[in-house]
Amino acid sequence: MTIKYGLEFPKDGTCKDERSETNKYRINLPQVVDQLIKSCSNENCFEHINTDPLPSRQRAADIIECCRNILFPGYFNGHGMDQVSFSYQLGVAVSKLYDKLAAEITYSIRHECIRYNQSCLHCDEQGKKKAFEFMLSLTDLRHILATDVKAAYEGDPAVTSYDEVIFCYPGIQAITIYRIAHLLYDLEVPILPRIMTEYAHSQTGIDIHPGAHIGESFFIDHGTGVVIGQTTTIGKRVKLYQGVTLGALAFKRDEAGKLDRKSKRHPTLEDDVTVYAGSTILGGDTEIGGRSIIGGNTWLTSSIPADTKVLLNPPELIMKKKEVKGE
Amino acid sequence: MTIKYGLEFPKDGTCKDERSETNKYRINLPQVVDQLIKSCSNENCFEHINTDPLPSRQRAADIIECCRNILFPGYFNGHGMDQVSFSYQLGVAVSKLYDKLAAEITYSIRHECIRYNQSCLHCDEQGKKKAFEFMLSLTDLRHILATDVKAAYEGDPAVTSYDEVIFCYPGIQAITIYRIAHLLYDLEVPILPRIMTEYAHSQTGIDIHPGAHIGESFFIDHGTGVVIGQTTTIGKRVKLYQGVTLGALAFKRDEAGKLDRKSKRHPTLEDDVTVYAGSTILGGDTEIGGRSIIGGNTWLTSSIPADTKVLLNPPELIMKKKEVKGE
Amino acid sequence: MTIKYGLEFPKDGTCKDERSETNKYRINLPQVVDQLIKSCSNENCFEHINTDPLPSRQRAADIIECCRNILFPGYFNGHGMDQVSFSYQLGVAVSKLYDKLAAEITYSIRHECIRYNQSCLHCDEQGKKKAFEFMLSLTDLRHILATDVKAAYEGDPAVTSYDEVIFCYPGIQAITIYRIAHLLYDLEVPILPRIMTEYAHSQTGIDIHPGAHIGESFFIDHGTGVVIGQTTTIGKRVKLYQGVTLGALAFKRDEAGKLDRKSKRHPTLEDDVTVYAGSTILGGDTEIGGRSIIGGNTWLTSSIPADTKVLLNPPELIMKKKEVKGE
């Protein structure tokens with residue numbers, strides 16, 4: 001088999017195969033449909049048949065976009081924004097966000113309500129109430145995100161301006177979405193916060209559970225592979241690099257063998273801690289004291305006092321002269 | 001250079017630069033075009049000039065969406081689905097999927113056929129036949145994916161419901177796409193399966209080659225950085241965490257120095273194995289025995305017996321008191 | 001709480017909640033808007049109010065698509081391309097790319113100009129000039145990318161054809177975008193190159209700073225988690241695997257405590273170096289000599305001579321027989 005590419009490629013190029021006229025496969029599709037429908041009355045398959053709309057990843061991404069346009073006005077609309085119409089545009093953006101968010105929170109609550117046969121959760125009222133509470137926090141969100149942007153500028157010599165951070169940095173994108181999702185998580189909105197942070201994970205490779213608590217001036221550089229678990233606590237001015245895991249040790253199970261889904265399983269990082277690339281810190285009782293620096297590739301399952309530098313004593317390297325053709 | 005942002009920004013803001021009227025660059029574009037066309041008769045560039053459509057990543061993603069709507073009915077359409085019209089909607093979805101898949105398989109086969117000057121592969125007939133065989137497997141696919149969803153619920157204390165797994169978990173997204181692609185790979189469809197798993201890789205950071213063999217109840221948590229090579233074999237109820245590589249040792253080459261593209265190069269994991277974050281298991285002869293647990297950050301190039309717990313003796317840490325201003 | 005799914009789901013499914021009629025939250029939105037507008041006259045928030053369009057990630061992605069259609073003609077349009085109309089289509093593609101690129105470069109320069117109160121940078125003229133210079137390099141770009149495609153085919157036993165590399169490989173996608181962005185970076189276009197490489201990062205998990213210097217026949221396999229810093233120098237025929245970091249040691253600061261943003265902070269890899277998965281090489285003075293092989297999971301902060309194989313002496317493993325129910 002010789003591989004041909006470029007203009008040596010056969011000039012006429014069209015396929016000599018007679019297009020198959022027969023429909024012999026297609027006419028048998030109803031048997032596939034029947035089989036699939038039968039599999040739906042089976043405990044061992046999942047389906048979600050209900051006339052009420054479900055929360056949707058696409059709409060969650062849309063809500064995030066609306067938030068970003070309000071949190072960082074003028075940055076992400078792709079065209080200019082003038083001083084005069086700015087306040088009108090903001091007014092429109094705010095009411096649009098409120099409507100979308102109220103609807104999506106309602107869907108999320110109603111989904112739980114019906115799915116688990118709970119008594120009425122007053123989803124519509126709750127959706128509006130929680131959406132409004134979220135709106136009231138937008139200004140605070142702007143302030144804390146500004147500290148994150150400044151932390152990125154201070155922390156990375158490759159960055160040339162605040163605008164570059166806001167435009168380009170996946171860390172800022174992930175932190176923005178985490179902070180939005182965390183607000184909703186605190187308001188006890190089901191499902192939607194997780195959909196949002198998994199959207200961020202997909203865009204950036206940074207996986208922050210919306211339940212984590214993270215202080216101001218938080219900086220994640222590069223970020224791919226970062227995992228921050230649900231019960232993690234992070235203080236102010238903390239810096240993380242790519243591939244850092246703040247995770248759980250082996251999970252506790254109760255007497256019945258069920259997972260313990262409530263206890264603190266993930267570590268605590270106090271103010272001004274830095275964790276370099278590829279390090280793993282595990283366990284709910286693990287506390288990293290203030291201002292400590294955790295070197296790259298470290299594996300920690302116990303606490304570290306404040307003002308400590310932890311370095312890996314790097315494993316011995318074996319160097320040998322390469323033999324010619326000796327791979 | 002002072003950085004200004006916020007309302008201190010110049011009020012009128014428009015650029016004083018006279019818009020350049022000249023066309024002095026644009027009129028020279030034909031020389032760029034000529035140069036590019038000349039580079040096409042050159043062995044050292046790639047192009048693909050042919051009137052038959054090529055397989056496309058966009059359409060592959062579309063086929064995956066169609067599959068997901070059939071495999072998990074009602075979850076991903078973003079609006080409700082009622083009991084009455086469900087079976088009609090499923091019927092429409094099935095015939096749409098069949099048509100799209102038959103066309104794309106045909107393109108993939110025809111591409112190989114023309115590209116490598118093979119004798120006629122009867123691409124159109126093959127496309128319909130293989131697409132129909134795929135359709136017949138959809139119910140089994142639903143069953144095995146249900147075991148994967150349950151494994152995620154059982155394996156992660158942070159998850160609150162099966163629906164959350166299906167909506168949010170990148171592991172389930174990657175496994176769903178892998179299982180679709182693996183079916184097509186087994187049907188010897190060229191190119192399309194790889195396009196699908198690389199789409200999953202891009203969405204989730206999880207890179208599973210469609211050739212790998214993976215048993216039921218498979219769970220990947222977080223997942224970013226997971227790599228599962230082409231000749232990997234994975235048993236039932238296996239759990240992997242982020243950053244796990246199941247890879248190859250240095251590649252064998254034949255006498256002519258060509259890569260050996262056929263032999264088993266990737267490891268085997270038996271039933272009920274767990275591999276924690278950041279571990280690397282390499283080599284086609286490496287077998288991890290049933291129920292064994294491989295701790296985080298481990299590096300393995302030889303076999304492990306069944307019922308074994310392998311832990312890294314963590315490299316020594318050096319701790320020193322941080323000097324003030326001593327970074 | 002019993003979890004119900006499948007057809008046991010309540011048949012009528014609709015929510016019993018009276019839809020809330022009240023507007024009691026929505027009428028209070030103006031207070032949210034006022035609060036947000038007030039926060040805009042605050043130093044501690046970011047906004048970007050200006051009538052001139054900003055560079056945009058969406059348009060950057062669009063420019064990358066245009067480039068790919070010119071660099072790999074026929075591969076990515078999803079339908080066929082015939083020999084006759086090929087040159088006309090290329091002509092249209094070239095002039096479209098020029099116009100879009102000139103506009104986006106102009107926006108990027110004007111943004112800097114206004115943002116930092118610089119004297120007029122003649123953004124419109126510069127945009128056209130730099131875009132045209134970029135166009136003149138497209139043929140060279142095709143040649144060097146062809147070496148990258150061939151390197152992937154030579155380097156990976158799982159690949160079956162050049163076309164598979166071009167269609168599927170995230171490494172080729174990331175390298176293509178890096179080479180485009182690097183050209184613009186060399187032309188001193190602000191912001192846009194970073195937006196482009198962060199787009200690649202988001203798609204592939206591979207984070208290459210546009211400032212890095214990378215020779216021909218460059219191959220990245222799998223790629224998730226790869227980080228290549230701004231002042232990295234990479235020779236010809238270099239291979240990297242997933243999770244490799246070519247990064248900086250702790251940053252230098254000047255007397256005033258400001259970050260040194262100019263010096264070489266990232267390593268140099270000479271010709272024919274291979275770095276296996278998960279390895280980290282740090283520091284501007286670190287040089288890896290030609291033809292050397294760096295084994296997986298290695299951590300290097302000093303130079304390695306040419307023709308050397310560096311292997312991790314793997315940390316001791318502790319194996320213990322698993323107790324029954326002993327996790």
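Letters A, B, ... mirror the listed sequences (proteins, then strands); counts begin at 1.
Using modelled atom types and a 3.5 Å distance limit, the side chains of A/H143 and C/S39 yield no donor-acceptor pair.
Counting heavy atoms from C-beta on, the side chains of A/L317 and C/L300 come closer than 4.5 Å. Using a 4.5 Å cut-off on side-chain heavy atoms (C-beta onward), C/E112 and A/D163 make no contact. Taking the side chain as every heavy atom from C-beta outward, A/K320 and C/L311 approach each other to under 4.5 Å. A heavy-atom distance below 4.5 Å is not found between the side chains of A/E133 and C/Y25. A heavy-atom distance below 4.5 Å is not found between the side chains of A/Y98 and C/V32. A 4.5 Å side-chain heavy-atom check between C/K24 and A/K128 finds every atom pair outside the cut-off.
At a 4.5 Å heavy-atom cutoff, the contact between C/V310 and chain A is made by backbone and side-chain atoms alike. For a residue to count as touching a neighbouring chain, one of its non-hydrogen atoms must lie under 4.5 Å from one of that chain's; by this rule A/Q203 touches chain C with backbone and side chain alike. No part of C/A60 comes within reach of chain A, as not one of its non-hydrogen atoms sits under 4.5 angstrom from that chain. Of the atoms belonging to A/F72, heavy atoms from both backbone and side chain fall under 4.5 Å from chain C. For a residue to count as touching a neighbouring chain, one of its non-hydrogen atoms must lie under 4.5 Å from one of that chain's; by this rule A/S85 does not touch chain C. Neither the backbone nor the side chain of C/Q58 comes within less than 4.5 Å of any heavy atom of chain A. Neither the backbone nor the side chain of C/I206 comes within contact range of chain A, judged by heavy atoms closer than 4.5 Å.
Nearest heavy atoms, C/F46 versus A/P73: O-CD, 3.5 Å. Considering every non-hydrogen atom in both A/L90 and C/V33, the closest pair reads CD2-O, 4.2 Å. The two residues C/I37 and A/S87 come nearest to each other via the heavy atoms CD1-CB, 3.3 Å.
When each of A/V159, A/T204, A/T274 is checked for heavy-atom pairs under 4.5 Å with chain C, A/V159 comes out on top. Annotation: maximal heavy-atom pairing with chain C below 4.5 Å, among A/T106, A/V94, A/L145, occurs at A/V94. Ranking A/H222, A/E164, A/Q173 against chain C, the residue ahead of the rest is A/H222, based on heavy-atom pairs under 4.5 Å. Between chain C and the residues A/E316, A/R142, A/M319, the most heavy-atom pairs under 4.5 angstrom are made by A/R142. Per-residue counts of heavy-atom pairs under 4.5 Å with chain C were compared for A/G91, A/P170, A/G225; the largest is that of A/P170. Options C/N28, C/T298, C/T245 differ in how many heavy-atom pairs under 4.5 Å they form with chain A, and the most are formed by C/N28. Across A/K129, A/Q126, A/M135, the residue that shares the most heavy-atom pairs under 4.5 angstrom with chain C is A/K129.
Taken to the nearest 0.5 Å, the CG atom of A/L136 stands 6.5 Å off from the CD atom of C/Q35. Note: A/C168 SG to C/M196 CE = 11.5 Å, rounded to the nearest 0.5 Å. Between A/D99 atom CG and C/L29 atom CG the span is 7.5 Å, to the nearest 0.5 Å. Between the OH atom in A/Y169 and the CZ atom in C/R194 there is a gap of 4.0 Å [rounded to 0.5 Å]. To the nearest 0.5 Å, atoms OG1 (C/T280) and OH (A/Y276) are separated by 13.5 Å.
Between A/F167 and C/H48, the ring planes are tilted. Angles from 30° to 60° get that label.
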Might you work through the side chain to side chain contact (heavy atoms under 4.5 Å, CB included) test for C/V227 and A/T224, ending with a clear yes or no? CA-CA 9 Å; C/V227 173; A/T224 308; 5.8 Å; no
